[in-house]
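Below is one structure; the comments refer to it alone.
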Amino acid sequence: MGRSGKIDAMYELAREQYAAIGVDTDDALRRIGDVAISLHCWQGDDVGGFEGDLQSLGNGLAVTGNHPGRARTPDELRQDLQTAYALIPGNHRLNLHAMYGEFDTPVDRDAIDVQHFQGWIQWAVDQGVPLDFNPSFFSHPNAADGFTLAHSDPGIRQFWIDHGIACRKIAAAMGAAQGSPCVDNFWVPDGFKDTPADRKTPRERLAASLDEIFSGSLPPTHTIDAVECKLFGIGSESCVVGSHEFYLGYAISGNQMLCLDAGHFHPTEVISDKISSVLMYVPELLLHVSRGVRWDSDHVVTFTDELQAIMQEIVRGGFLDRVHIGLDFFDASINRVAAWTIGTRNALKALLAALLEPTEQLQQLEREGDFTARLALMEEQKMMPLGAVWDHYCQVSDVPAGRQWLDVVRQYEQDVLKLRSDASVPA
Ligand SMILES: C[C@H](O)[C@H](O)[C@@H](O)C(=O)CO
Ligand SMILES: [Mn+2]
């Protein structure tokens with residue numbers, strides 16, 4: 001029997017095994033097929049962007065490593081992304097930062113416009129990859145002292161307000177072109193390295209700036225605003241203006257989507273536990289699925305307990321239609337296409353594992369107070385043949401099952417990535 005036949009046979013056995021505990025694997029596969037994960041463009045070039053002025057990465061973001069093949073142009077980034085999408089089952093999205101526009105001449109952030117994103121919009125339509133968007137409030141001379149929308153200088157604040165307004169218009173144009181809302185996520189780095197004397201006024205300034213940005217009404221069928229909180233960053237260890245409490249309150253009062261990044265809390269604090277609480281008060285949630293190692297280090301997502309818990313919470317709570325799943329990591333020490341592929345495949349594997357749980361049975365046991373059986377069945381679940389269902393999903397999705405995807409990435413590295421050098425950037 002060939003490999004493909006073996007995958008079919010293993011799936012049939014797995015289907016029986018799951019059916020015996022009341023789980024319909026075909027239904028789980030239908031449901032996962034409807035989930036689009038938003039891949040983050042910034043893994044492909046180490047959060048550099050295409051503004052052409054070689055600003056160093058700042059405002060608490062840091063990428064380490066020098067693996068060959070960083071994308072240097074929008075075309076290279078698109079080619080790399082297409083290589084990754086071809087290795088990931090399902091249809092997914094692209095999360096684009098404003099600094100990744102296509103600029104013939106220098107255009108400052110407050111003056112960017114939809115014309116600078118036409119190449120991306122066309123590519124998204126051609127590829128069937130809907131876009132999400134983010135204003136870029138970092139790596140810019142007007143953010144050099146760590147403050148943007150909460151800056152004490154009204155001129156600097158206005159510059160960033162104009163950037164935020166421009167980005168909402170671009171996101172709405174993307175949503176109109178693709179026929180589905182473009183999630184526009186606001187992460188604002190502002191914060192203090194050392195103990196502030198005044199935490200209140202910067203927060204009032206941030207809220208006022210955001211109010212101005214969000215005052216223009218845009219069709220929710222075109223764009224949905226999200227706001228991303230953070231506990232600390234490099235250089236903002238003592239106080240981040242846009243903290244969790246700040247944005248939870250802001251999103252509830254302004255009806256924005258809240259964004260929870262898995263790396264943005266104390267290392268012992270998990271976002272899986274926050275999902276069901278937050279969704280009682282905000283209509284929708286954006287997740288930045290990331291992996292902090294001791295701090296917000298943005299490691300590639302692996303199949304951790306927390307990743308599994310995040311997906312379990314989404315499925316167990318019936319939240320699949322209210323949670324947007326985005327990725328957020330950047331590792332330049334390994335092949336960047338592999339980083340996307342590993343992280344996205346892991347997110348999907350964890351989601352599939354959650355969809356293959358006997359959720360109703362576990363919740364019934366809990367209602368009855370039978371915590372012994374609940375624990376027993378949760379632990380038995382870990383030995384169920386998830387891998388056989390995953391391989392089948394990859395096979396019917398026409399992407400490599402198992403480790404074969406790595407051969408494709410290695411070949412791409414030889415044929416494409418190793419030929420790139422920073423000394424000869426294509427025009
Ligand atoms: C580049 C992204 O906007 C950034 O990672 C942001 O989402 C974040 O998480 C900052 O720590
Ligand atoms: Mn994030």
Side-chain angles (χ1 to χ4, degrees), residues 37-51 55-64 71 77 93-101 109 131-140 143 146-149 160 163-164 167 170-171 182-191 225-237 239-244 246-247 251 256-267 269 271 274 285-301 306-307 310 323-332 336 339-340 343 347:
I37 295 195
S38 203
L39 275 70
H40 51 312
C41 72
W42 51 93
Q43 166 60 68
D45 78 326
D46 314 337
V47 209
F50 301 126
E51 292 170 314
Q55 284 290 322
S56 59
L57 185 60
N59 299 95
L61 303 178
V63 182
T64 51
L77 186 56
R93 306 176 65 91
L94 175 66
N95 194 10
L96 202 60
H97 242 289
M99 65 206 286
Y100 287 77
R109 302 256 176 104
L131 300 173
D132 296 313
F133 200 55
N134 307 257
S136 307
F137 295 103
F138 53 85
S139 304
H140 187 280
F147 283 84
T148 62
L149 290 177
W160 290 113
H163 177 60
C167 286
I170 294 164
C182 166
V183 175
D184 191 15
N185 180 51
F186 285 69
W187 170 66
V188 178
D190 302 24
D225 303 303
V227 286
E228 180 177 2
C229 61
K230 191 165 180 172
L231 174 65
F232 70 96
I234 301 172
S236 60
E237 291 85 354
C239 170
V240 169
V241 179
S243 62
H244 180 47
F246 176 91
Y247 276 125
Q256 278 83 21
M257 202 190 290
L258 188 73
C259 172
L260 295 177
D261 183 309
H264 282 195
F265 294 88
H266 186 277
E269 199 177 353
I271 64 166
K274 300 180 190 298
L285 194 57
L286 169 65
L287 299 183
H288 272 188
V289 181
S290 186
R291 180 167 58 102
V293 177
R294 305 198 187 283
W295 63 288
D296 177 31
S297 53
D298 293 285
H299 279 62
V300 176
V301 167
E306 171 58 1
L307 179 68
I310 289 169
V323 176
H324 303 251
I325 305 172
L327 303 176
D328 188 4
F329 48 79
F330 21 99
D331 188 342
R336 295 167 186 80
W340 274 315

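Atoms within each ligand, like the ligands themselves, are counted from 1 in listed order. Quantities reported herein were computed from a predicted structural model and do not represent experimental measurements.
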Shell of residues surrounding ligand 1, defined by a 4.0 angstrom heavy-atom cut-off that is strict: Trp42, Leu61, His97, Trp187, Glu228, Lys230, Asp261, His264, His288, Asp296, Asp328, Phe330
Listed partners of Tyr247 passing ring-ring contact (aromatic ring centres under 6.0 Å, His included), at least two apart: none
Provide the protein N, O or S atoms situated under 2.8 Å from the Mn ion (ligand 2); waters are not included. Glu228 OE2, Asp261 OD2, His288 ND1, Asp328 OD2
Would you say the ring centers of Trp187 and Phe138 fall short of 6.0 Å from each other? yes
Interatomic spacing from CZ in Phe137 to NE2 in His97 - rounded to 0.5 Å: 9.5 Å
Ignoring hydrogens and angles, state whether a donor on the side chain of His288 or Ser290 is under 3.5 Å from an acceptor on the partner side chain. no
With Leu285, which of Ile271, Leu260, Ile325 fulfils side-chain contact (heavy atoms from CB on, under 4.5 Å)? Leu260
Roughly how far apart are Leu61 CG and Asp46 CG, rounded to 0.5 Å? 12.0 Å
Regarding Glu306 and Arg291, does a basic nitrogen lie under 4.0 Å from an acidic carboxylate oxygen? no
For Tyr100, which residues count as a side chain to side chain donor-acceptor pair (under 3.5 Å) partner, sequence neighbours excluded? Asp45
Taking every non-hydrogen atom, the tightest pair across Asp261 and Gly263: OD1-N, 2.7 Å
